[in-house]
Amino acid sequence: MEREKEILNKIHEKGKELDIPSGLAPEWMQETLKEHERKQYFRKGRLYPALAAAASFCLIAGLLLHVASLGFLSANNYEAELSILPQGELMNPLNQQGKTAPSKSLEEEKELLTFTEMTYEEIYARLSENWQSEQEILSYAARKDAAYDTAGLSAVSESEQKQATTEAAADEAAFGQTNIQTAGVDEADRIKNDGRYLYQIARKQTKKEDGTPDGEKQGIQILDTKDGLKETAFLEGFEDLKEFYLWKNFIITIENKTYDTVDPAFAAKKEYAEDLAVCGIEPLRSYHEITIYDITDKTSPRKQKTFTLRGTSESTRISEGYFYGISSFTANPGEGEADYDAYIPTIDGNKISADKIYCPDYADGSSFLVLVSIDLSNPTEFADTRAVLSGSGTCYVSRKNIYVTHYQSVYEEEPHQEGTVLDSTKLLRFSYLKGRFYAQAEGEIPGRVDNSFSLDEYQGDLRIAATVQEYEAKKITDDRTGELLGYDYGESKETNALYILGRALNIKGKIEGLAEGEHIKSARFLGDTGYIVTFRQTDPLFALDLSDPQNPKVLGELKISGFSEYLHFYGENLLLGIGMEVDEETGREEGMKLSMFDITDPADPKEQSKLNLKDYNYSEALWDHRAVLIDTAENLIGFEADGSSRGSFWKDYLVYSYENGAFTQKLKLKTQTDSESWNRTRGTFIGETFYILRENGTVSSYNRTTGALLEELK
């Protein structure tokens, strides 16, 4: 170690005496490395690449050392620059400790997908074909009352090996945090908790001077819990805010909005607009705003920057100090190809450049998927932008990749011949690194995914649980002329499947034909094992062995009544299910239920404990994982549940622990009765105090042990 430092110091001192050759300027070096990488990637053969790699490594290493000696690269930066070489070319360089340095694949830092570059006018021509097809579909739908399946949209990821392990939970045990899917990748929510301050989206009544009600205002309520509950600020100016982030001293909001007037570009196409109107679609112009507030002073939040994007925000994440946004923008014909604003996504009033817009050959719609990123250490502009001609659907974000799915019903594209046809889901994979997006792969699987928890990345592979609709297509011909009129699909057969896809999104292995006549309700993955719940009238829990990606197999199956809508690993060898109880004979739902599965032996899963919640028939936790407060280290499971009977309804916040093989109710807190207006409620905790935050801005605190009311802020 000391010897290496001495050598580097001598080189550095000598370097001070040298003039910098123009060929070794940093800009030239960067281009040289990129060119070298590009050429090596496409070379074939065995011996030549190996020799070239060794020679290139020595040459570039020497050049980098020379640049380091001139003060352009520190020893640490020198190692970082070496990491941009392809994995096979690193030849195991030694790090400063003399150990073999881990070589990093270049896949995350290069475009592996290639798309034909198009001008705006070429993009318009391509879209024109799709608009024509869409108009035909709309006209047919309006006049024939045809109904087509559409894919559900979910917000957003599973950890790559073990999500939110007990050890990780222990680090967060002092206060409640957002229930996220991928460890290390934050998600927006309605409330946030930093261990002292609480933040929530609230709607407060406004009053006239005489004290009578005068509407309401929406904002983010900031509450200080130290020495008693008190509101320090109410951040106003929102119309329909759904979620936000808390990142260091920033609040980051994402709000979808619409212009007050109908989009003139749609109105210009009278026939197209009429078809939309018949289908009940109002052609309003949508946009969304991403706004960053500095809350260093909790009593006086300050707006720092607002980004405006055409289209609708679909999902967002924050990872390693970067904000990533995924939105959809629907292009329309407008006044022609010169009317760029009608069909090109715009960001802060500027069109995305044509070289950042991808139009895959298979894309037949008119919607763009738009990806943007912001460096939160300097949130003044977008770090990167991309647009892909592709529909949006379920979004899953791992630590390295963004996967976006787009469901296609069999009705969207007629078959070329009679026979078996399947619905399908198309996938796109973008890797992301330090705010940059890299198009990596596109693929397709049969079936549709339920939500983001149906996808999971592990050791470079993507595992997907899907429900597959299978049809038998038969030709329909004119009795007189024999002309082909279309295809009849008849009744569908529903099955379920598990697909394992490689980095190129090619199917490596699969399990098909699971639970015919049922559909997937929930899924979760842990290392080499996957768990899938399907349902018709009973709740089969399938345990899947995924250790061999080419040959996945069913390990075990457990059939119980009801179904689980959400699965969560709860400590070691336990799997929590939140769902509904169902009568096995009639199929009638009989209230909510909690299940704890013992997965010590995945080949023989058992329902270790079950708690029927017959007084409750609905909960936001059934469809939004962020509505569930889970802390395995603190042994807490919390959610709001709704009940109703004979015209009366009630809402309670329920808190449970799992002790000695059974669920134990810790708190049951009334959040709403018939006499109150409807409010969404969330719960969280700091230390031994539990807090209930209601959407109307009222907050209550309770002793976690006794349930005694401590304080109430109205």
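By convention here, the first residue in the shown sequence is residue 1. Treat the numbers as computed from the prediction; the structure is a model and nothing was measured.
Atom OH of Tyr471 and atom CD of Glu491 lie 9.0 Å apart (nearest 0.5 Å). Note that the NZ atom of Lys521 and the CG atom of Leu541 stand 15.0 Å from one another [nearest 0.5 Å]. To the nearest 0.5 Å, atom CD1 of residue Ile445 and atom OG of residue Ser424 are 9.0 Å apart. In this structure, Glu584 CD and Ser561 OG are separated by 5.0 Å, a value rounded to the nearest 0.5 Å. Separating the CG atom in Asp631 from the CD1 atom in Ile637 is a distance of 10.5 Å, to the nearest 0.5 Å. Between atom CG of residue Asn256 and atom CD of residue Glu314 there is a gap of 7.5 Å, rounded to the nearest 0.5 Å.
Side-chain contact check for Ser645 versus Trp650: some heavy-atom pair is nearer than 4.5 Å. Side-chain contact between Leu514 and Thr534 is absent, with no heavy atoms from C-beta onward closer than 4.5 Å. At least one side-chain heavy atom of Leu576 sits less than 4.5 Å from a side-chain heavy atom of Phe663. Between Thr316 and Glu243 there is a side-chain heavy-atom pair separated by less than 4.5 Å. No side-chain heavy atom of Glu516 sits under 4.5 Å from any side-chain heavy atom of Glu518. Proximity of Leu713 to Leu223: side-chain heavy atoms (C-beta onward) are separated by under 4.5 Å at one or more points. Using a 4.5 Å cut-off on side-chain heavy atoms (C-beta onward), Leu654 and Tyr616 make contact. When side chains are defined from C-beta on, Phe639 does not count as touching Leu622, because their heavy atoms never get closer than 4.5 Å.
Ion pair Arg196/Asp194 not flagged as a salt bridge, since none of the NZ, NE, NH1 or NH2 atoms sits closer than 4.0 Å to an Asp/Glu carboxylate oxygen. Residues Asp652 and Lys670 are paired through a salt bridge, judged by an N-O separation under 4.0 Å between the basic side chain and the carboxylate. Between Asp186 and Lys192 a salt bridge is recorded (basic side-chain N to carboxylate O distance below 4.0 Å). Between Lys666 and Glu634 there is no salt bridge, since no side-chain nitrogen of the basic residue lies less than 4.0 Å from a carboxylate oxygen of the acidic one. Under a 4.0 Å N-O distance rule, the pair Asp598/Lys606 does not qualify as a salt bridge.
Side-chain N or O atoms of Thr182 include one that pairs as donor or acceptor with a backbone N or O of Val397 at under 3.5 Å. The closest donor-acceptor contact from the side chain of Asp624 to the backbone of Arg626 lies under 3.5 Å. In this structure, the side chain of Glu255 engages the main chain of Asp240 through a donor-acceptor pair within 3.5 Å. Between the side chain of Asn496 and the main chain of Ala515, a donor-acceptor pair closer than 3.5 Å is present. Under the 3.5 Å distance criterion, the side-chain polar atoms of His625 are left unmatched by any main-chain donor or acceptor of Ile180. With Asp545 contributing its side chain and Lys553 its backbone, the two residues share no donor-acceptor pair below 3.5 Å. Without hydrogens or angle criteria, Ser700 side chain to Ile692 main chain gives no donor-acceptor distance under 3.5 Å. A donor-acceptor pair under 3.5 Å is formed between the side chain of Thr425 and the backbone N or O of Gly447. Judged purely by atom type and a 3.5 angstrom limit, Asn635 uses its side chain to pair as donor or acceptor with the backbone of Tyr658. Checked by atom type and distance alone, the side chain of Glu231 never pairs as donor or acceptor with a backbone atom of Gln221 at under 3.5 Å.
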Inset, instruction - Take Tyr458 and Asp528 through the test side-chain contact (heavy atoms from CB on, under 4.5 Å) and record every step on the way to the result. - result: CA-CA 8 Å; Tyr458 181 65; Asp528 290 329; 3.1 Å; yes

Legend entry - Residue pair Leu235, Phe244: steps toward the side-chain contact (heavy atoms from CB on, under 4.5 Å) verdict: CA-CA 12 Å; Leu235 185 57; Phe244 67 96; over 6 Å; no

Legend entry - Residues Phe525, Leu546; criterion side-chain contact (heavy atoms from CB on, under 4.5 Å); working and verdict: CA-CA 9 Å; Phe525 299 85; Leu546 311 178; 3.8 Å; yes

Inset, instruction - Please lay out, stage by stage, how Glu187 and Thr178 fare under the test side chain to side chain donor-acceptor pair (under 3.5 Å). - result: CA-CA 7 Å; Glu187 301 179 34; Thr178 302; over 6 Å; no

Inset, instruction - Evaluate the side-chain contact (heavy atoms from CB on, under 4.5 Å) criterion for residues Thr405 and Leu455: first the C-alpha distance (whole Å), next the side-chain angles of each, then the deciding distance (0.1 Å), finally the verdict. - result: CA-CA 10 Å; Thr405 71; Leu455 294 87; 4.1 Å; yes

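For Asp456 and Tyr403, the side-chain atoms include no donor-acceptor pair closer than 3.5 Å. Using modelled atom types, one finds a donor on one side chain and an acceptor on the other under 3.5 Å when comparing Glu640 with Thr671. Thr467 and Glu494 are not linked by any side-chain donor-acceptor pair at a separation below 3.5 angstrom, with hydrogens and angles left out of the test. Checking Ser657 against Glu659 by side-chain atom types alone, a donor-acceptor pair falls below 3.5 Å. Side-chain contact, Thr684 with Asn193: a donor N or O sits under 3.5 Å from an acceptor N or O.
Shortest non-hydrogen contact noted between Thr394 and Asn451 is CG2-C, 3.5 Å. Of all the heavy atoms in Ala465 and Ala523, the pair that sits closest is CB-CB, 4.3 Å. Annotation for Arg704 and Gly687: closest pair NH1-O, 2.7 Å, computed over non-hydrogen atoms. Between Gly176 and Leu629 the shortest heavy-atom distance is CA-CD1, 4.1 Å. When every heavy atom of Val533 is checked against every heavy atom of Leu567, the shortest pair comes out as CG2-CD1, 4.0 Å. Between Leu498 and Ile500 the shortest heavy-atom distance is CD1-CG1, 3.8 Å.
Phe597 and Tyr531 have their aromatic ring centers separated by at least 6.0 angstrom.
Within a 6.0 Å radius of CD in Gln205, other residues, nucleotides and ligands contribute 12 heavy atoms or fewer. By the neighbour-count criterion of 12 heavy atoms within 6.0 Å, atom NZ of Lys510 is sparsely surrounded, having that number or fewer from other residues, nucleotides or ligands.
Among the candidates Arg694, Glu620, Gln200, the single residue satisfying the side chain to side chain contact (heavy atoms under 4.5 Å, CB included) test with Arg682 is Glu620. Results of the side-chain hydrogen bond (donor to acceptor under 3.5 Å, both in side chains) test with Ser595 over Glu581, Glu607, Lys610 single out Glu607 as the only residue that passes.
The ring pair (Phe, Tyr, Trp, His ring centres under 6.0 Å) search around Phe238 returns none, not counting sequence neighbours. Partners of Tyr566 by ring pair (Phe, Tyr, Trp, His ring centres under 6.0 Å), not counting sequence neighbours, listed by chain and number: Phe453, His568. For the side chain to side chain contact (heavy atoms under 4.5 Å, CB included) test, residues two or more places apart in sequence or in another chain that qualify with Ser644 are Asn617, Phe649.
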